[in-house]
2 protein chains.
Amino acid sequence: MSAARYGVGVSTFNSVPPGAGISDVARLAGVSQGTVSNVLNHPERVATATRDRVRQAISALAYVPNGAARSLAAGGSRSIGLILSDLENSLFVDIARGAERAAAEAGMSLLLANSDGRLESEDRYLDLFAESRVLSTLLTLNDDQHFRQIVGRVADSRSLVLLNFQVDPAEYCSVDGHNERGGYLATRHLIDIGRRRLVFVGGPDSLRPVSERHRGFSAALAESGLTAAADVTPDWINRSDGWRVGTGLVEAIAAGRIDGIVAASDLLAAGMLQAFATLGRVRVPHDVAIVGYDNNQAAWDSPVPISTIGQPGEEMGYRGARLAMEELVEGDAHQHRAVVLEPTLIVRESTVS
Amino acid sequence: MSAARYGVGVSTFNSVPPGAGISDVARLAGVSQGTVSNVLNHPERVATATRDRVRQAISALAYVPNGAARSLAAGGSRSIGLILSDLENSLFVDIARGAERAAAEAGMSLLLANSDGRLESEDRYLDLFAESRVLSTLLTLNDDQHFRQIVGRVADSRSLVLLNFQVDPAEYCSVDGHNERGGYLATRHLIDIGRRRLVFVGGPDSLRPVSERHRGFSAALAESGLTAAADVTPDWINRSDGWRVGTGLVEAIAAGRIDGIVAASDLLAAGMLQAFATLGRVRVPHDVAIVGYDNNQAAWDSPVPISTIGQPGEEMGYRGARLAMEELVEGDAHQHRAVVLEPTLIVRESTVS
DNA sequence: TCGACGAAATGGATCGTTTCACTCAGGAGC
DNA sequence: GCTCCTGAGTGAAACGATCCATTTCGTCGA
């Protein structure tokens, strides 16, 4: 978090005509400012009659409390920030929904931002949130490098909770899906339906969740005395990477050297499926069974609905926000925690017809 | 916008330990507060040497300006708010991206909120944004009723721009896709490829965009001297509605009474496609050609990629934010405008094989 | 009748900035 | 040598709430 952004150009916007302030309300209701403030924030301290009078004045003047003044005087906002790394991915939308629910329950509000996975945006929003004095920031992450860079700059003690990324509880709180178990479940499922020549189609090892899923894959194989039929590492985990990889695998599948694929993401799986469908030499699940990961829209929208590992996105968001709040309440006594959520296997037609 | 939300329960969070303030920086750099403020906001007013000294002090203390105090003193924030009605729909994600770009270009920031299409959430966030004194709010809308309810409560003069919804420029600025033209384009395309027995699968008429698309459909038919083969009005425009409708249409299609469908949304189209695939009596596009609307992920992820009408979502967000800013700059001289963007036909395999 | 008490309301200090009227050097022009 | 500028920096008054120590007042018990 850089200490400041210098030289913000100041263009000239006409500011909003100031509406009624708390003092106007107080005058109209014939009470002091303090009383109006109490009606707003501690209604129980104010006698019913007074309260009603004040409320009437409030509506009459269409008074809207000034959040800035409130935060300043109260020494902090009542909101938490959430920086999402990919709004296209429905997992993150679920996370947002869960976090918002937790915030609403606690009477707080949630500020959203979309970093599109770009380090500089993550940075910018971290700054912005710091300036807004949000009580806490939730940050979704999937890249080890980003993690290192970011935490290097988070100098202040404001609380930070990482989502979709597990870190040493000595450093931060985090909420993550159990990626290793997910990889295991996917692989186990393929083995259970009789597949033996399995491949893990992953992505760069810098993507932490991917490498963890890979570990689960290997564990399941080892457990059954199998070894991987091949190892495939696309550049990234998007649909187009799946397409490329899929094209490259057709030969091996047609030749019977591969009969099951664990993909590190649904997009990857969907891309492969498209490649297979286009090239036409491989039928799913007959010739090869595929399991994806994340339970994205892409998974059930696919030509052949894709079996996948469901991540509890909403719960991830909810737990993350709760964790942030606990951290606030407990203060120095707080011990960071790494919450790990269980993934679930969702069987669709890409593995059993 | 209700004047206030009463009785917000106040739970007790430990507030963030206050960091260095502007006066600490000033002291360390040996200048006045005013000068520090100038370094931050009007660097050109400060001599280079002084400027550097101040900046050093800023990093040394890890000073982060307090946004609340800033907004309070400056009489307004430098952000605009955007309330999205459906994060699952990629159109809205595009809108967010466009709005953010416009904001960033102007040195402003964008506050996001997801209303999930619920009136009460739209309301709550409108309130929240009003308290945050955002300069302007962008609101995506698709329902006539919501529109009426909302504007009834927006009492203050703060600027509001409506997205994905066209209104009388006497009332508000708005940016919308040209839905009638979109409906026309879709229908024209079907006619051009030789289909004659066409159906519009819509949704409740309260959904403004839907009824407009329907108008375009009718216009295209009339132009070619055709009449609609049937009229279908599902309860809503989601995948499940498509499924239901699709099931109901199979008979007519198989009998050759329908050979082309214009769907009011891609989800609707995708649902129908799924129904057809499952029931197995109808082939797309051989027996029936389908055009969707929105160019969602669902459209290209579908078993048969769906021809669709693309909405310029990113541009919609960008133009909306620009409009909001113009409104701010022009002040009273401002004339509301209704920007209407051209949709484009995207041909995929659901209409031509 | 008086004092004590508690609930209700008061009013001013406070939060951390921005803004603006001002002071102050020092250089240019006459 | 005098005035007049100009660019750089100062310092205190807002901004609009919250907070809290204090005052007011009605009631109750003795």
Side-chain angles (χ1 to χ4, degrees), chain A residues 4-5 7-8 10 12-13 15-27 29-54 57-58 61 63-78 130-133, chain B residues 3-5 7-8 10 12-13 15-54 57-58 61 63-78 130-133:
Chain A
R5 286 166 297 152
V8 177
V10 172
T12 140
F13 290 110
S15 53
V16 180
I22 203 173
S23 59
D24 301 308
V25 174
R27 201 172 319 122
V31 298
S32 73
Q33 297 189 20
T35 300
V36 176
S37 171
N38 278 334
V39 170
L40 257 22
N41 304 301
H42 308 276
E44 76 285 358
R45 296 188 192 160
V46 180
T48 323
T50 317
R51 199 154 59 203
D52 290 343
R53 203 146 31 90
V54 170
I58 286 177
L61 296 173
Y63 164 70
V64 179
N66 183 322
R70 171 177 290 193
S71 304
L72 181 57
S77 69
R78 290 195 53 74
E131 285 191 20
S132 306
R133 297 291 191 270
Chain B
R5 287 166 297 151
V8 176
V10 171
T12 141
F13 291 109
S15 52
V16 180
I22 204 172
S23 60
D24 301 308
V25 175
R27 201 173 317 122
L28 181 59
V31 297
S32 71
Q33 297 189 21
T35 301
V36 177
S37 170
N38 278 336
V39 170
L40 256 22
N41 304 302
H42 308 276
E44 76 284 357
R45 295 188 193 160
V46 180
T48 323
T50 317
R51 200 155 57 202
D52 290 344
R53 203 146 30 90
V54 170
I58 286 177
L61 296 174
Y63 164 69
V64 178
N66 182 322
R70 170 176 288 191
S71 302
L72 180 56
S77 69
R78 289 196 53 73
E131 285 189 21
S132 306
R133 296 291 191 270

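Everything numeric in this text was worked out from a predicted model, so none of it was measured. Just so it is clear, the values below take in all heavy atoms, side chains as well, and ignore hydrogens, waters and symmetry mates.
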Check: Among all residues two or more places apart in sequence or in another chain, which pass the side chain to side chain donor-acceptor pair (under 3.5 Å) test with A/Ser132?
Finding: none

Note to self: Taking side chain to side chain contact (heavy atoms under 4.5 Å, CB included) as the definition, give me every residue that meets it alongside B/Arg53, ordered by chain and number, with sequence neighbours left out.
What the structure shows: B/Val31, B/Thr50

Notebook entry, point to check: Which residue pairs satisfy the salt bridge (charged side-chain N to carboxylate O under 4.0 Å, His left out) criterion with at least one member in residues 31-43 of chain A, sequence neighbours excluded?
Noted result: none

Note to self: Suppose the criterion is salt bridge (charged side-chain N to carboxylate O under 4.0 Å, His left out): which pairs have a residue in residues 33-52 of chain A, not counting sequence neighbours?
What the structure shows: none

Next item on the list: Name all residues meeting the side chain to side chain contact (heavy atoms under 4.5 Å, CB included) criterion together with B/Ala73; count only those two or more places apart in sequence or in a different chain, and write none if there are none.
Entry: none

Next item on the list: Produce a footprint string for nucleotides 5-15 of chain C: one letter per nucleotide, 5' end first; B if the base is under 4.0 Å from any protein heavy atom, S if only the sugar-phosphate is, - if neither.
Entry: ---SSBB---B

Next item on the list: Five pairs at each end of the helix from C/dT1-D/dA30 to C/dC30-D/dG1: take the axis at both ends and give me the angle between them to 10°.
Entry: 40°

Next item on the list: Not counting sequence neighbours, which residues clear side chain to side chain contact (heavy atoms under 4.5 Å, CB included) with B/Leu28? List them please.
Entry: B/Ala57, B/Ala60, B/Leu61

Check: By side chain to side chain donor-acceptor pair (under 3.5 Å), which residues pair with A/Ser71, not counting sequence neighbours?
Finding: none

Margin query: The criterion is side chain to side chain contact (heavy atoms under 4.5 Å, CB included); which residues satisfy it with B/Ser23, sequence neighbours excluded?
Written below: B/Arg27, B/Gln33

Note to self: Please determine whether a side-chain nitrogen or oxygen atom of B/His42 lies at a distance below 4.0 Å from atom OP1 or OP2 of C/dT19.
What the structure shows: yes

Contact list (N/O, under 3.5 angstrom) for nucleotides 22-27 of chain D vs protein:
none

